[in-house]
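Below, chain A is the first sequence line, B the second, and so on; all start at residue 1. The basis for the numbers below is simple: all heavy atoms, side chains too, and nothing from hydrogens, waters or symmetry mates.
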Protein chains: 2
Amino acid sequence: MRAITIKAAWNGHSDCQRCGIRESALFAELVEADFALLHDQIDDIDYPPGAALYHAGANGDWLFTLRAGAIKLVRYNADGSQRILRILRRGDICGLEVLVGSAYDHTAITLSPVMLCRIPRTLVERLNRDTPRLQKPLFERWHAALEEADAWLTELAAGHADVKTRVARLLCRLGNDGEPGLVTRLSLEDIGAVLGVAPESASRALGSLRRSNLLADVPGDRHHWRADTRGLAALASPTREN
Amino acid sequence: MRAITIKAAWNGHSDCQRCGIRESALFAELVEADFALLHDQIDDIDYPPGAALYHAGANGDWLFTLRAGAIKLVRYNADGSQRILRILRRGDICGLEVLVGSAYDHTAITLSPVMLCRIPRTLVERLNRDTPRLQKPLFERWHAALEEADAWLTELAAGHADVKTRVARLLCRLGNDGEPGLVTRLSLEDIGAVLGVAPESASRALGSLRRSNLLADVPGDRHHWRADTRGLAALASPTREN
DNA sequence: CGATATGTTGAAAAAAGTCAATGGCAGTGG
DNA sequence: CCACTGCCATTGACTTTTTTCAACATATCG
């Protein structure tokens with residue numbers, strides 16, 4: 001591990017009322033009056049790939065809403081190896097746990113250039129006290145996180161599916177909403193840390209997918225792959241009729 | 001799979017104010033006045049082993065608090081195999097998700113004789129609307145469920161640990177609070193469904209643990225094992241100094 | 001007392017891990 | 001501009017772990 005000096009770029013305060021992901025954001029159901037409280041408290045920040053938003057166990061003063069890019073939530077084992085527990089995409093929230101305890105449960109690291117909103121914990125707590133409108137979205141966020149964890153346990157964890165199948169499933173989950181066929185690229189080490197396999201095994205699985213024309217590099221773009229989403233999905237689901 | 005006719009025994013309404021797990025229960029922080037609302041709405045029910053509390057996708061009208069015994073939360077794959085996502089113990093809640101959507105996310109099946117409280121969804125919703133005291137415990141429950149899912153992903157899912165180690169970790173999690181050294185017994189199929197391994201592999205791991213005197217059957221009790229918790233923990237954690 | 005479930009064990013096959021060598025590519029510094 | 005270095009990915013050969021298939025044991029239940 002090397003020390004990285006990351007310069008996060010501050011883009012000013014967020015205008016939540018005109019936010020591009022407003023309809024899916026935490027504050028979707030707030031009304032005009034509520035937004036007065038938000039003014040100047042939420043910062044709009046960019047991070048380069050590989051930046052740490054926060055570390056597991058650290059005291060948490062902020063929640064984050066991801067507006068573009070991808071973030072991995074990581075936990076480190078006693079032996080120093082990492083395990084990736086979730087990968088967050090546009091519209092996802094991270095750091096929700098600071099509303100319960102005050103420490104972060106995971107380490108959050110950017111996988112690509114990231115644009116996000118940084119929301120003070122105290123603001124969410126105050127809004128939640130003052131209006132009943134925030135509670136439902138908060139419950140829904142908890143539920144979504146749990147659903148995601150459950151899906152990883154069923155689809156991505158070992159058992160009844162070989163590495164190639166699970167890599168295909170992972171790639172399906174990494175699809176970019178905007179451009180179909182474009183998936184965010186992970187390092188072999190990261191794929192290994194998601195699936196619990198050796199990086200070499202991940203490489204062999206990717207190689208096999210490439211040879212089947214289900215996956216290809218994007219020339220000049222080291223942050224994405226080009227993927228045959230339908231083909232991968234067919235491989236990923238055991239929908240064979242026999 | 002065989003059809004089972006299960007007769008659940010109704011023990012009358014619960015007296016939440018004098019509940020044995022009151023301090024850790026959902027309603028721990030309610031005050032005297034709130035309990036008036038609870039009267040006669042919460043049922044105290046017993047289930048035999050192998051009973052289904054509810055099925056994934058079914059409409060959910062109840063939450064459950066587990067007062068004794070163990071419950072598995074299961075999801076079925078397309079090919080009919082089961083995956084166990086969590087195992088709930090005394091004090092745990094299941095069915096929280098009905099507060100968000102109205103359908104259950106998993107199938108809940110008892111692993112042993114179970115005593116639980118059945119709470120109507122509408123009651124929790126009303127209480128949560130009328131008093132602010134329920135929100136914090138609800139958030140904490142969501143958080144606890146997510147923590148548990150994350151722990152399973154890191155400790156029990158494959159990767160950097162062989163079957164024997166993971167079985168040892170699972171057994172550590174199955175310890176009974178009341179009687180140290182007594183752990184709730186799972187079938188080989190269930191262990192397989194938790195760890196994502198074949199039942200035969202689970203059997204071999206258990207055999208190895210038995211031969212090391214870390215595990216033994218309890219004569220006359222098919223619902224428990226006797227385990228050397230310290231020895232298992234030593235096996236489970238990679239805390240070797242070398 | 002069979003009949004069915006569940007658990008155990010052995011032997012062979014398959015999957016994945018490990019170790020090591022190689023190649024490409026980006027960034028660095030002459 | 002080019003060699004050099006470090007990082008990451010790929011590939012092969014070999015080892016280990018786990019699965020699979022099968023046979024057999026044990027227990028429960030009508």
**Q** Are any of the side-chain heavy atoms of A:Leu88 and A:Leu73 separated by less than 4.5 Å?
**A** yes
**Q** Suppose we screen for salt bridge (charged side-chain N to carboxylate O under 4.0 Å, His left out). Which residues come up paired with B:Arg67, at least two apart in sequence or across chains?
**A** B:Asp44
**Q** Suppose we screen for side-chain hydrogen bond (donor to acceptor under 3.5 Å, both in side chains). Which residues come up paired with B:His143, at least two apart in sequence or across chains?
**A** A:Asp105
**Q** List, with names and distances, any nitrogen or oxygen atoms from the protein found under 3.5 Å away from nitrogen or oxygen atoms belonging to nucleotides 22-26 of chain C.
**A**
none

**Q** Can you name the residues that form a side-chain hydrogen bond (donor to acceptor under 3.5 Å, both in side chains) with A:Trp62, not counting sequence neighbours?
**A** none
**Q** Going 5' to 3' through nucleotides 10-24 of chain D, assign each nucleotide B (protein heavy atom under 4.0 Å from a base atom), S (under 4.0 Å only from sugar-phosphate atoms) or - (no protein heavy atom that close).
**A** SBBB----SBBB---
**Q** Find the bend of the helix from C:dT6-D:dA25 to C:dG30-D:dC1 as the angle between its two terminal axes (five pairs each), to the nearest 10°.
**A** 30°
**Q** Which label fits C:dA5, syn or anti, where anti is any glycosidic angle not within 90° of 0?
**A** syn
**Q** Can you tell me the distance, in whole Å, between the CH2 atom of A:Trp225 and the C1' atom of D:dA9?
**A** 11 Å
**Q** Please enumerate all residues that pass side-chain hydrogen bond (donor to acceptor under 3.5 Å, both in side chains) together with A:Arg141, with sequence neighbours excluded.
**A** none
**Q** Could you work out, with salt bridge (charged side-chain N to carboxylate O under 4.0 Å, His left out) as the rule, every residue matching B:Asp43, not counting sequence neighbours?
**A** B:Arg118
**Q** According to side-chain hydrogen bond (donor to acceptor under 3.5 Å, both in side chains), does anything in residues 178-200 of chain B pair up with another residue at least two apart or in another chain? List the pairs.
**A** B:Lys72-B:Asp190
**Q** Donor-acceptor pairs are to be reported for all side-chain atoms of residues 150-160 of chain B against protein atoms at under 3.5 Å, with residues two or more places apart or in another chain.
**A**
{"from": "B:Asp150", "atom 1": "OD1", "to": "A:Arg86", "atom 2": "NH1", "distance (Å)": "3.0"}
{"from": "B:Asp150", "atom 1": "OD1", "to": "A:Arg86", "atom 2": "NH2", "distance (Å)": "3.3"}
{"from": "B:Asp150", "atom 1": "OD2", "to": "A:Arg86", "atom 2": "NH2", "distance (Å)": "3.2"}
{"from": "B:Asp150", "atom 1": "OD2", "to": "A:His106", "atom 2": "NE2", "distance (Å)": "2.8"}
{"from": "B:Trp152", "atom 1": "NE1", "to": "B:Glu148", "atom 2": "OE2", "distance (Å)": "3.1"}
{"from": "B:Thr154", "atom 1": "OG1", "to": "B:Asp150", "atom 2": "O", "distance (Å)": "3.0"}
{"from": "B:Thr154", "atom 1": "OG1", "to": "B:Ala151", "atom 2": "O", "distance (Å)": "3.0"}

**Q** Using the ring-ring contact (aromatic ring centres under 6.0 Å, His included) criterion, which residues pair with B:Tyr104? Sequence neighbours excluded.
**A** B:Tyr54
**Q** Taking only residues two or more places apart in sequence, or in another chain, which ones meet A:Arg90 in a side-chain hydrogen bond (donor to acceptor under 3.5 Å, both in side chains)?
**A** none
**Q** Nearest-Å distance, CZ (B:Arg185) to C1' (C:dA5)?
**A** 12 Å
